[in-house]
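Keep in mind the model is a prediction, meaning the values are calculated, not measured. Residues: numbered from 1 along the sequence shown. All values below were derived from every heavy atom in this structure, side-chain atoms included, with hydrogens, water molecules and symmetry-related copies excluded.
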Amino acid sequence: MRVLLTGSAGFIGTAIGAALEAAGHEVVRVDMMLDKAHGATQAPAGTHRLDVRDAASWTSLLTGVDAVCHQAAVVGAGVAVADLPDYAGHNDLGTAALLAAMHVAGVDRLVLASSMVVYGEGRYTCAEHGDQAPPPRERAALDAGDFENHCPVCGADLAWALVDEDARLDPRSSYAVSKLAQEHYASAWVRQADASAVALRYHNVYGPGMPRDTPYSGVAAMFRSSLERGERPQVFEDGGQMRDFVHVDDVARANLAALESVVADDPGRYAAYNVASGHPVAIREVAELVGAGVGGGVRPEVTGGYRLGDVRHVVASPERARTGLGFAAEVLPRDGLRAFATAPLRA
């Protein structure tokens with residue numbers, strides 16, 4: 001299979017490219033080498049340094065391509081309001097431009113990198129009143145150290161439950177809005193172009209090659225950077241926030257499975273899948289596991305601080321990916337996070 005891979009020089013794109021080649025596929029690599037993602041890092045050999053927003057100018061690269069694996073995006077939580085044009089430009093416009101170029105070139109198979117952030121808050125249940133959709137947490141409650149979501153009927157703490165792909169989509173940051181827009185563009189393209197697409201909703205991805213401590217890094221990298229500076233990792237809220245951490249090698253495997261699935265699909269099919277380990281972990285435990293990996297078991301500092309807009313819990317059900325793609329993660333967080341403590345990172 002000949003696969004055009006956007007964002008090929010990034011953290012996840014690099015792992016996907018290596019996995020594709022190891023499986024015997026031909027990879028056409030495209031990456032803009034955006035400064036905020038790559039800094040002074042040089043583009044790897046064989047990379048076409050191109051802007052996905054201008055895909056119409058490099059349609060020739062799509063000649064003979066069987067499928068596109070679209071990883072290129074500005075990532076992060078949306079650090080500032082000033083970032084909004086970057087998210088809308090690179091993620092929304094970039095995806096639309098790529099889909100239009102694919103249609104001109106006759107390429108009708110797509111795997112799209114999406115994210116758990118499209119869900120906003122996860123799924124919550126009240127012991128007495130069943131499933132509930134809590135509103136955003138109030139600043140006054142967070143200031144008072146009340147971090148849980150509460151049942152809007154009785155006020156009791158809500159318990160988290162697994163989120164499946166049919167859950168309500170409620171993006172709560174500029175990045176999240178852009179990822180959902182990418183999914184909507186892909187879904188519309190499937191209908192208009194008689195094509196097929198799979199969106200992979202990544203949960204918290206970590207592993208070798210992850211960027212170091214920047215506003216766009218994941219929390220695991222931030223914890224590790226603290227340890228390297230001789231500092232205790234700083235954990236927001238009470239550390240009880242539940243997440244799913246999935247190793248980058250498993251994410252690469254999920255992309256291979258999705259590419260094989262979408263190439264075999266009949267036209268007109270769009271599907272979204274969670275990509276998760278299936279082993280939920282509290283943020284405090286993530287810091288403890290990374291600390292254990294450097295020896296001495298450095299304990300995190302639970303600060304009680306918070307970031308407005310952060311969600312309390314979001315934990316995925318991996319079942320649909322297992323049945324629909326034949327994908328199940330192989331690296332457990334308790335093993336992968338310890339190993340991550342000494343894995344090589346990118347500057």
Going through the distances and angles, do Gln234 and Thr303 end up as a side-chain hydrogen bond (donor to acceptor under 3.5 Å, both in side chains)?
CA-CA 6 Å; Gln234 304 289 296; Thr303 67; 5.4 Å; no

Check: [Y] main-chain N/O paired with [X] side-chain donor or acceptor under 3.5 Å:
X      : Y      : value
Arg29  : Gly46  : no
Ser196 : Asp266 : yes
Arg224 : Ala343 : yes
Glu121 : Arg312 : yes
Ser261 : Ala257 : no

For Gln132 and Pro152, work out which heavy atoms get closest and say how close.
OE1-CG, 3.3 Å

Tell me the closest heavy-atom pair linking Ser178 and Tyr175, and the distance in Å.
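Shortest heavy-atom contact: OG-O, 2.7 Å.
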
Atom [atom1] of [X] and atom [atom2] of [Y]: how far apart are they, to the nearest 0.5 Å?
X     : Y      : atom1 : atom2 : answer
Ile12 : Met210 : CD1   : CE    : 8.5 Å
Ser60 : His48  : OG    : NE2   : 8.5 Å
Asp86 : Asp92  : CG    : CG    : 11.5 Å
Leu50 : Thr6   : CG    : OG1   : 11.0 Å

Listed partners of [X] passing salt bridge (charged side-chain N to carboxylate O under 4.0 Å, His left out), at least two apart:
X      : value
Arg123 : Asp131
Asp250 : Arg253
Arg49  : none

Inspect the surroundings of CZ in Phe147 and state if more than 12 heavy atoms from other residues, nucleotides or ligands are less than 6.0 Å away.
yes

A quick test of your reading: do over 12 heavy atoms of other residues, nucleotides or ligands sit less than 6.0 Å from CD of Glu138?
no

When you check the gap from the basic side-chain N to the acidic O, do Asp170 and Arg172 get nearer than 4.0 Å?
yes

Which residues pass the side chain to side chain donor-acceptor pair (under 3.5 Å) test with Asp143, sequence neighbours left out?
Tyr306

List the atom pairs, donor and acceptor, that lie under 3.5 Å between side-chain atoms in residues 100-113 and the rest of the protein, sequence neighbours left out.
{"from": "Arg109", "atom 1": "NE", "to": "Val262", "atom 2": "O", "distance (Å)": "2.8"}
{"from": "Arg109", "atom 1": "NH2", "to": "Asp265", "atom 2": "O", "distance (Å)": "2.8"}

Contacts table for residues 274-286: side-chain donor-acceptor under 3.5 angstrom, sequence neighbours left out:
{"from": "Asn274", "atom 1": "OD1", "to": "Tyr119", "atom 2": "OH", "distance (Å)": "2.8"}
{"from": "Asn274", "atom 1": "OD1", "to": "His203", "atom 2": "NE2", "distance (Å)": "3.4"}
{"from": "Asn274", "atom 1": "ND2", "to": "Val163", "atom 2": "O", "distance (Å)": "3.1"}
{"from": "Asn274", "atom 1": "ND2", "to": "Glu165", "atom 2": "OE2", "distance (Å)": "3.4"}
{"from": "Asn274", "atom 1": "ND2", "to": "Ser317", "atom 2": "O", "distance (Å)": "3.1"}
{"from": "Ser277", "atom 1": "OG", "to": "Asp244", "atom 2": "OD1", "distance (Å)": "2.9"}
{"from": "Ser277", "atom 1": "OG", "to": "Asp244", "atom 2": "OD2", "distance (Å)": "3.3"}
{"from": "Ser277", "atom 1": "OG", "to": "Phe245", "atom 2": "O", "distance (Å)": "3.4"}
{"from": "Ser277", "atom 1": "OG", "to": "His279", "atom 2": "N", "distance (Å)": "3.0"}
{"from": "Arg284", "atom 1": "NH1", "to": "Asp238", "atom 2": "O", "distance (Å)": "2.7"}

